Amino acid sequence: MIKLLESKQYFLPNLSNLVVDEKLLDIFDIDNLDIEVILYQSGYLTIDEMIQSGRSGVKYRLRFPNLEVRQSFNDYVIDYLYSGRDTYRLMRQDEMYEALNSVDLERFRDVLQTVFASIPYNNYVRSGKQFDEGFY
């Protein structure tokens, strides 16, 4: 799921007030699923409200079912972004979690910039070897 979010460059804050159409209940093509459908079918999102829309039929407002599911989803995203477990990374994970939990996108951006700034300069400037593992 995280790889799908990443490959489609899904903007995670959109999950906070998500409205979808009837495709949520109608799509069963595993090769062509929308992220919202996967999150709904896996239980990360639930229907909060059914909205009657004149021209386009029924729409659904989705939300996280409870705080525990929201926290689990945030942890999943943060764990994906940080695969290591040293003290520095744990501190950054906590900062990212707090920023996501409070929907503070500026703080989240600042933490990400700090993480990228901590990458050693030699990892991506190694005598012209752009395809070296350290570069990535």
Side-chain angles (χ1 to χ4, degrees):
M1 178 177 58
I2 293 294
K3 288 183 182 183
L4 181 62
L5 288 167
E6 183 180 39
S7 71
K8 294 200 178 215
Q9 298 180 351
Y10 192 84
F11 188 57
L12 290 177
N14 287 345
L15 294 176
S16 64
N17 191 26
L18 186 61
V19 176
V20 297
D21 58 20
E22 293 174 331
K23 71 180 175 187
L24 181 72
L25 303 174
D26 294 339
I27 295 180
F28 295 102
D29 179 10
I30 194 71
D31 294 326
N32 206 12
L33 286 177
D34 288 332
I35 292 168
E36 297 88 353
V37 173
I38 293 172
L39 291 172
Y40 171 73
Q41 290 180 355
S42 64
Y44 279 105
L45 296 176
T46 189
I47 296 174
D48 184 41
E49 177 184 11
M50 189 170 81
I51 304 165
Q52 289 292 335
S53 178
R55 201 181 87 181
S56 56
V58 177
K59 293 190 177 198
Y60 301 95
R61 184 177 313 280
L62 302 179
R63 65 173 174 80
F64 288 100
N66 54 45
L67 180 62
E68 290 81 10
V69 173
R70 168 178 257 158
Q71 183 174 350
S72 172
F73 182 80
N74 287 344
D75 287 345
Y76 192 54
V77 170
I78 290 170
D79 286 343
Y80 177 77
L81 293 174
Y82 285 104
S83 58
R85 292 286 177 196
D86 61 26
T87 303
Y88 174 79
R89 289 182 178 170
L90 288 174
M91 284 185 343
R92 295 298 172 242
Q93 283 180 348
D94 288 343
E95 289 180 51
M96 290 178 72
Y97 172 79
E98 292 300 323
L100 286 172
N101 198 38
S102 62
V103 193
D104 187 347
L105 297 181
E106 288 182 35
R107 183 172 169 208
F108 184 74
R109 182 202 62 216
D110 292 344
V111 174
L112 280 178
Q113 286 177 337
T114 301
V115 169
F116 285 114
S118 71
I119 297 171
Y121 179 74
N122 289 338
N123 279 12
Y124 52 103
V125 181
R126 295 184 73 197
S127 54
K129 296 181 181 178
Q130 289 94 344
F131 299 106
D132 210 15
E133 183 178 333
F135 178 78
Y136 293 99

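Since the model is a prediction, treat every value here as computed from it, not as a measurement.
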Asker: Could you walk me through whether Q52 and V58 pass the side chain to side chain contact (heavy atoms under 4.5 Å, CB included) test, one step at a time?
Answerer: CA-CA 5 Å; Q52 289 292 335; V58 177; 3.8 Å; yes
Asker: Could you pull out all residues at least two apart from R109 that satisfy salt bridge (charged side-chain N to carboxylate O under 4.0 Å, His left out)?
Answerer: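 With neighbours one apart ignored, the set is empty.
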Asker: Throw together a table of side-chain donor-acceptor distances under 3.5 angstrom for residues 65-77, partners on residues two or more places apart or in other chains.
Answerer:
| from | atom 1 | to | atom 2 | distance (Å) |
| --- | --- | --- | --- | --- |
| N66 | OD1 | E68 | N | 3.1 |
| N66 | OD1 | V69 | N | 2.8 |

Asker: Under a 4.5 Å cut-off applied to non-hydrogen side-chain atoms, are L18 and R61 in contact?
Answerer: no
Asker: Would you indicate whether the side-chain heavy atoms of Y40 and I47 approach each other to under 4.5 Å?
Answerer: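 In short, these two side chains touch, coming nearer than 4.5 Å.
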Asker: Could you name each residue pair satisfying salt bridge (charged side-chain N to carboxylate O under 4.0 Å, His left out) that touches residues 95-106, not counting sequence neighbours?
Answerer: R92-E95
Asker: Nearest 0.5 Å, what's the OG1-CE distance between T114 and M96?
Answerer: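 Going from OG1 on T114 over to CE on M96, the span is 10.5 Å.
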Asker: For I51, which fellow cluster members are found when Ile, Leu, Val, Met, Phe, Trp and Tyr are connected by side-chain heavy-atom distances below 4.5 angstrom, either directly or through intermediates?
Answerer: V19
Asker: Between CG of L39 and OG1 of T46, what distance do you get to the nearest 0.5 Å?
Answerer: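 Here the interatomic distance stands at 12.0 Å.
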Asker: Tracing side-chain links under 4.5 Å among I, L, V, M, F, W and Y, which residues wind up in one group with V103?
Answerer: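 Its cluster mates, by chain and number: none.
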Asker: Could you tell me which residues satisfy side-chain hydrogen bond (donor to acceptor under 3.5 Å, both in side chains) with D48, sequence neighbours excluded, listed by chain and number?
Answerer: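 side-chain hydrogen bond (donor to acceptor under 3.5 Å, both in side chains) check on D48 returns R63.
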Asker: Just jot down the side-chain hydrogen bond (donor to acceptor under 3.5 Å, both in side chains) partners of R107, sequence neighbours excluded, or say none.
Answerer: none
